[in-house]
Engineer: 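One structure, pasted below without further comment.
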Amino acid sequence: MDRSLQPAPPWRVTQWFNAAAPPSVASLRGKVIVLEAFQMLCPGCVAHGLPQAARVHATFPQERVAVVGLHTVFEHHDAMTPTALAAFLHEYRIGFPVGVDAPADDGPIPQTMRAYAMQGTPTLVLIDVDGNLREQYFSQVGDLALGARIAGLLAEADAARDASGCGSS
């Protein structure tokens with residue numbers, strides 16, 4: 001095991017949308033997690049980040065890859081309420097789980113955004129099947145590069161499973 005890997009911090013979320021039960025890094029163990037941090041008033045999020053997350057959600061098998069949105073508001077707090085977010089998710093047909101990042105007590109940067117040291121939105125985070133942070137991209141990452149990285153994490157998980165003798169035939 002690579003000792004340089006860091007466990008992904010838990011998500012601090014006040015409300016979930018599109019989720020029967022609140023997802024967590026721990027509950028999604030065994031899947032590659034694609035976490036898309038966004039704000040609904042962020043042009044890059046609306047034009048690139050969320051559509052890309054939706055493509056990942058539609059492309060990869062949901063039993064192997066979990067896509068999770070994190071609405072992490074660090075500006076325009078009065079405009080980006082959970083009620084507005086619910087309408088936004090409906091209008092943009094976002095079907096994967098989306099959590100509302102918990103506000104900080106001591107400043108504008110929400111708790112999960114701070115825990116992951118995000119620079120802004122959109123930010124895409126890849127978490128491996130063991131719950132370790134593997135990649136973090138601020139702004140945009142190309143679809144082919146992202147798809148290759150997700151496929152690489154899946155292949156790595158398959159190889160580890162096969163090496164441990166836990167594979168199926």
Side-chain angles (χ1 to χ4, degrees), residues 6 8-20 22-25 28 31-62 64-128 131-154:
Q6 297 292 319
W11 304 323
R12 293 176 174 90
V13 170
T14 59
Q15 184 175 353
W16 284 99
F17 295 89
N18 303 330
S24 66
V25 174
L28 296 173
K31 297 181 181 188
V32 171
I33 302 170
V34 178
L35 178 67
E36 179 67 35
F38 72 98
Q39 294 186 92
M40 61 183 155
L41 294 180
C42 163
C45 299
V46 174
H48 179 77
L50 287 170
Q52 182 178 61
R55 288 190 299 274
V56 169
H57 183 67
T59 301
F60 287 92
Q62 292 179 24
R64 306 247 10 239
V65 177
V67 176
V68 177
L70 180 69
H71 191 239
T72 185
V73 178
F74 56 91
E75 59 190 355
H76 309 299
H77 290 85
D78 293 341
M80 292 194 271
T81 65
T83 301
L85 178 60
F88 175 88
L89 296 174
H90 174 76
E91 289 299 319
Y92 282 87
R93 295 184 173 98
I94 304 298
F96 50 83
V98 173
V100 177
D101 200 354
D105 295 329
D106 59 350
I109 307 301
Q111 293 181 33
T112 307
M113 184 179 200
R114 182 180 292 173
Y116 281 75
M118 294 178 191
Q119 298 175 24
T121 57
T123 293
L124 187 137
V125 179
L126 290 178
I127 301 169
D128 69 19
N132 295 307
L133 286 173
R134 296 302 289 268
E135 302 284 342
Q136 185 163 309
Y137 305 94
F138 172 57
S139 189
Q140 295 186 15
V141 57
D143 282 356
L144 287 175
L146 177 59
R149 189 63 177 121
I150 293 168
L153 290 173
L154 291 170

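For reference, positions follow the sequence shown, starting with 1.
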Engineer: Between Ile127 and Leu133, is any pair of side-chain heavy atoms under 4.5 Å apart?
Structural biologist: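 Counting from C-beta outward, Ile127 and Leu133 do come under 4.5 Å.
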Engineer: Are Leu126 and Val34 close enough, and set up right, to give a side chain to side chain contact (heavy atoms under 4.5 Å, CB included), and what steps lead you there?
Structural biologist: CA-CA 5 Å; Leu126 290 178; Val34 178; 3.7 Å; yes
Engineer: Calculate, to the nearest 0.5 Å, the distance between atoms CD1 and CZ belonging to Ile94 and Phe38 respectively.
Structural biologist: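 Separation between the atoms: 7.0 Å.
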Engineer: Heavy-atom distance under 4.5 Å between the side chains of Phe17 and Pro82, does that happen here?
Structural biologist: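 Counting from C-beta outward, Phe17 and Pro82 do come under 4.5 Å.
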Engineer: Could you grab the distance from atom CD of Glu36 to atom SG of Cys45, nearest 0.5 Å is fine?
Structural biologist: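 Answer for the CD-SG pair, Glu36 versus Cys45, is 6.5 Å.
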Engineer: To check you understand the geometry: which heavy-atom pair defines the closest contact between Gly69 and Leu35, and what is its length?
Structural biologist: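 Shortest heavy-atom contact: C-CD1, 4.5 Å.
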Engineer: Quick one: pull up CZ in Arg55 and CG in Leu50 and give me the separation to the nearest 0.5 Å.
Structural biologist: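 Arg55 atom CZ to Leu50 atom CG measures 10.5 Å (nearest 0.5 Å).
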Engineer: Would you call Leu154 and Phe60 a side-chain contact if the rule is heavy atoms closer than 4.5 Å?
Structural biologist: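 They are in contact (side-chain heavy atoms under 4.5 Å apart), so the answer is yes.
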Engineer: Where the side chain of Thr112 meets the backbone of Arg12, is there a donor-acceptor pair that is under 3.5 Å apart?
Structural biologist: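 Yes, Thr112 side chain to Arg12 backbone: donor-acceptor pair under 3.5 Å.
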Engineer: Pairs under 3.5 angstrom only: tabulate donor-acceptor contacts from the side chains of residues 84-93 to other protein residues two or more places apart or in another chain.
Structural biologist:
none

Engineer: Without swapping roles, check the side chain of His71 against the backbone of Thr81 for a donor-acceptor pair under 3.5 Å.
Structural biologist: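 Pair absent, no side-chain N/O of His71 close to backbone of Thr81.
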Engineer: Nearest 0.5 angstrom please: Arg64 CZ to Ile150 CD1, how far?
Structural biologist: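 One finds 12.0 Å between CZ of Arg64 and CD1 of Ile150.
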Engineer: Decide yes or no for Val141 and Gln52: does some side-chain heavy atom of the first lie under 4.5 Å from some side-chain heavy atom of the second?
Structural biologist: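 The answer is yes, as the side chains (C-beta and beyond) meet within the 4.5 Å cut-off.
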Engineer: Rounded to the nearest 0.5 Å, what's the gap from CE on Met113 to CD on Gln119? Could you check?
Structural biologist: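 Rounded to the nearest 0.5 Å, the CE-CD separation comes to 9.0 Å.
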Engineer: Between Gln136 and Tyr116, is there a donor-acceptor pair closer than 3.5 Å when you use the side chain of the first and the backbone of the second?
Structural biologist: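 Yes, because the side chain of Gln136 sits within donor-acceptor range (under 3.5 Å) of the backbone of Tyr116.
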Engineer: Before giving the answer on side chain to side chain contact (heavy atoms under 4.5 Å, CB included), spell out for Asp101 and Met118 the whole-Å C-alpha distance, their side-chain angles and the decisive distance to 0.1 Å.
Structural biologist: CA-CA 12 Å; Asp101 200 354; Met118 294 178 191; over 6 Å; no
Engineer: Quick one: does Gln140's side chain have a donor or acceptor within less than 3.5 Å of a partner on Gly44's backbone?
Structural biologist: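 Judged by distance alone, no pair lies under 3.5 Å.
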Engineer: Once rounded to the nearest 0.5 Å, what's the spacing between atom CG of Leu70 and atom CG of Leu124?
Structural biologist: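 That separation rounds to 11.5 Å.
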Engineer: What are the two closest non-hydrogen atoms of Phe96 and Val67, and how far apart are they?
Structural biologist: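 Taking Phe96 first and Val67 second, the nearest heavy atoms are CB-O, 3.4 Å.
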Engineer: Work out which heavy atom in Thr14 is nearest to a heavy atom in Pro103; give both atom names and the distance.
Structural biologist: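 Closest pair (atom of Thr14, atom of Pro103, distance): CG2-CD, 4.0 Å.
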Engineer: Side chains of Arg134 and Arg149: closer than 4.5 Å at any heavy-atom pair?
Structural biologist: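 Yes. Closest side-chain heavy atoms under 4.5 Å.
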Engineer: Taking Thr72 as the fixed residue, which of Ile109, Val13, Val100, Thr121 is the one that meets the side chain to side chain contact (heavy atoms under 4.5 Å, CB included) rule?
Structural biologist: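 Exactly one candidate clears the test, Thr121.
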